[in-house]
2 protein chains.
Amino acid sequence: MTPTPQERRAARHQLAAGAGPSTARRGPSGGRKQPITVEAIIDTALGIVQRDGYEALTMRRLATALETGSSSLYAHVVNKEDLDELLIGRLCAGIDLPEPDPAVWRQQIIGVCTQLRDQYLRYPGISRAAFATAPSHLDTLRITEGMLAILLAGGIEPQAAAWAIDALTLYVNAYSLEVSLVNRRIDRDDDAWVVSRDELLRRFAALPDTFPHTRRYAVELTAGTVHDRFDVSLGMMIDGIARHRPT
Amino acid sequence: MTPTPQERRAARHQLAAGAGPSTARRGPSGGRKQPITVEAIIDTALGIVQRDGYEALTMRRLATALETGSSSLYAHVVNKEDLDELLIGRLCAGIDLPEPDPAVWRQQIIGVCTQLRDQYLRYPGISRAAFATAPSHLDTLRITEGMLAILLAGGIEPQAAAWAIDALTLYVNAYSLEVSLVNRRIDRDDDAWVVSRDELLRRFAALPDTFPHTRRYAVELTAGTVHDRFDVSLGMMIDGIARHRPT
DNA sequence: AGGTAGACACGAACACCGTTCTACACTCGA
DNA sequence: TCGAGTGTAGAACGGTGTTCGTGTCTACCT
C-alpha cells in the first residue's frame, strides 16, 4: 500500500502509525522516462529556488519544469506548505554535525549556524519557509540534537542550552531572510532603494537634528561586510550564552 | 501640486527633492462622505491584519473595506510593497522611546524591543513586512536612533551598539513572525500540527536512539511560556552585548 | 488470460491574487 | 466657463494554489 503524501508528512512528525515502507511504484508515468517522485520534485524545486529565488517557486512553474501538470504534484505532496517543509528538510539533511569537543564548542556551534546560513543563502529566500516548520519535524530536530550536544559538551546547562538553540535558530533564519531580500532588491535594479554604504552615509549625514546619534555614528552603523554582521552578532549571542557556564 | 505616491515614498527615504507639502485635496471622492486618503488606507489595512492576519490583507480586500475598487488604491500607494512599508512605519511611530538613563539602560532596551514585539504581535504576521523595510526609512530610523541612544548611555561602545541594534531587531522580527505563524496554525484547528507541550514531550520521548540529548532534556527543550523564550533570549543577547562595556 | 483495485497523471475549472489601462467625473484656479 | 490636474471605477491582463472528474497504467489475484 503506497503511503499518501499525508501519511508521509505524518511520519516526518512521528504521527505515524500507518506509513509503512514505500512499496514499488505503480501507476502510469505520463509517458516520460522518469516518473515523477517526491525526490524529483524536491530536486527540481530547489533548482528553481537556487536560480530565481523562493518567490519564483510556484506549483505551475515546478510542474512545467517536470514536464507535467500542476495537479499531478498533489499525488506526491500534500500542498505547497508540505513542499516547503520537504525543502527545509532536505537542506537540514545537508548539514554536517560535528562530534562535540569541549575544547572547541564555540567554533562548533558557530560552524553549525554558519552551515545553516549558507544553505539558506544558496536558496535565496527559502528561510521564510523555515519559520513555518513545526518543531516536531525529524530533520530539523536532528539539528537541534546536534546543537544541544555541542552546547552540553561546552558545559552549558541544559535549560540555557535549550534557550540558546531557540535564539540562535531564529537569528539564523532572520539573517538569511533579510540578506535574501536585500539581494533580491539589488537584482531588480531598483536603484532608488539599493543603498550603498556611501549613499547611506550621505543620507544619515542629511538627517535632521532629531537624529543626533545616528548622524554622529553613521560610520559605525554602516560598517562591516554582510557576514561581519553575522559573525559579530553570533559571537555576541554566544558570549551571552557562555556567561551562564558554571566555572 | 499633489505629491504622487512615488514622491511620498521617496520622501520617507530622504530621496526627495520634490515632495512639497500636500496641497488641498482635489478630485472626486466617489460619492462617499470621507474620501480615500493614505491614512484611511493604513487604518483600514491595520484593522484587517489585526483581525484576520497579514495574509488576509489583499488589495481587493482592503478596497472592499474602503468601499472602493482596488485600482483606486494606486492613486495613494505605489504598490503592495509600499503599503507594507507604510504599515511598518505606522507601527514604529507608535513606539515610545524613553529618555536614556545609564542606571537602567538594560530595562530600557528591553522595553523598546518588547514594545516592538507587542506591536508586531497585535498585527499577526506583519513582522514579515518588517524584514523587507529598507534601512533608510525615517520611521524605522527613529527606532534605531532611540536604541542607539540607550546603548550609548549604558556605556556600550558605538560599534558594538550598532551591531547590537542589528541583532536585536532581527531577533524581534523573527520571534514575532514565528509566534504569529504558530498562532495561525492554532486558529486553523490543524490538530495534527498543533503540538501542545505534553504532546511534544511524548514525541520527544518516542524519538529513536539517534536523539539521546533531545530525549534526555525534553523537559528543558519544551519549557517556559512563549514570552519566557523572548525574555531569556533577549537577556542572553544583552549579556553578550554588555560584555563589551569598558569597566 | 481476464478482471479489478489502487496509483498516477491530466486538463478544466474554481476562487482568488496584484496591477495596469482607459474612461469618466470632480475640483479648483484663471 | 474652460481646462488642467486629480481621484475613482471597472475591465482586463497575467498570474496564484487547489480541487474535481476522467483516463491510463500497473500489479495482483483468480
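All figures in this text were calculated on a predicted structure; none of them were measured in a lab. Order of the sequence lines sets the chain letters (A, B, ...), proteins ahead of strands, with each chain counted from 1.
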Task: DNA chain C: 5'-proximal contact among A:Gln34 and B:Ser71 (nearest heavy atom) - done: A:Gln34

Task: Candidate nucleotides C:dC26, D:dT18, D:dG5, ranked by approach to the side chain of A:Met59 - the nearest - done: D:dT18

- [ ] Pick base, sugar-phosphate or nothing for B:Thr58, based on heavy-atom distances below 4.0 Å to the nucleic acid.
- [x] sugar-phosphate

TODO: Indicate whether OP1 or OP2 belonging to D:dG14 is found under 4.0 Å from a side-chain N or O atom of A:Arg61.
DONE: no

Open item on the list: Nearest whole Å is fine: how far is D:dG17 P from A:Tyr74 OH?
Closed with: 7 Å

Task: Side chain of B:Thr2 - closest among D:dA12, D:dG7, C:dC8 - done: D:dG7

Open item on the list: Less than 6.0 angstrom from the centroid, inside 45 degrees of the normal: does B:Arg117 satisfy that with respect to the ring of B:Phe230?
Closed with: yes

Open item on the list: Is there a side-chain contact between A:Thr169 and A:Ile143 in this structure, where contact means two heavy atoms from C-beta onward sitting under 4.5 Å apart?
Closed with: no

- [ ] Just compare D:dT8, C:dG6, C:dG18 and give me whichever is closest to any side-chain atom of A:Arg26.
- [x] C:dG6

TODO: Using whole Å, report how far OH of A:Tyr54 lies from C1' of D:dT16.
DONE: 13 Å

- [ ] To the nearest Å, give me how far apart CG (B:Asp82) and P (C:dT20) are.
- [x] 12 Å

TODO: Figure out the CG/C1' separation between A:Leu62 and D:dT18, and round it to whole Å.
DONE: 14 Å

Task: Most 5' of B:Gly27 and B:Lys80 on DNA chain C, judged by nearest nucleotide - done: B:Lys80

Task: Rounded distance in Å - CG (B:Leu57) to P (C:dC16) - done: 16 Å

Open item on the list: What is the separation between atom CG on A:Leu73 and atom P on D:dT16, rounded to the nearest whole Å?
Closed with: 13 Å

Open item on the list: When you measure only distances, ignoring hydrogens and angles, does the side chain of B:Arg25 come within 3.5 Å of the base of D:dG7 through a donor and an acceptor?
Closed with: no

Task: SB check B:Glu145 B:Arg142 (cutoff 4.0 Å) - done: no

Open item on the list: Measuring to OP1 and OP2 of D:dT6, would you say a side-chain N or O of B:His76 lies under 4.0 angstrom away?
Closed with: no

Task: Separation of C:dA7 C1' from A:Gln6 CD (nearest whole Å) - done: 14 Å

- [ ] Mind calculating the distance between CG (B:Leu83) and C1' (C:dC17) to the nearest angstrom?
- [x] 14 Å

Task: With B:Glu85, the salt bridge (charged side-chain N to carboxylate O under 4.0 Å, His left out) member among B:Lys80, B:Arg12, B:Arg9 - done: B:Arg12

TODO: Return the minimal non-hydrogen interatomic distance between B:Ala45 and B:Leu62, and the atom names on each side.
DONE: N-CD1, 3.5 Å

Task: B:Ile36 vs B:Arg60, nearer the 5' end of DNA chain D by closest nucleotide - done: B:Ile36

Task: Among D:dC13, D:dT18, D:dT8, the nucleotide that comes nearest once only the side chain of A:Ser70 is considered - done: D:dT18

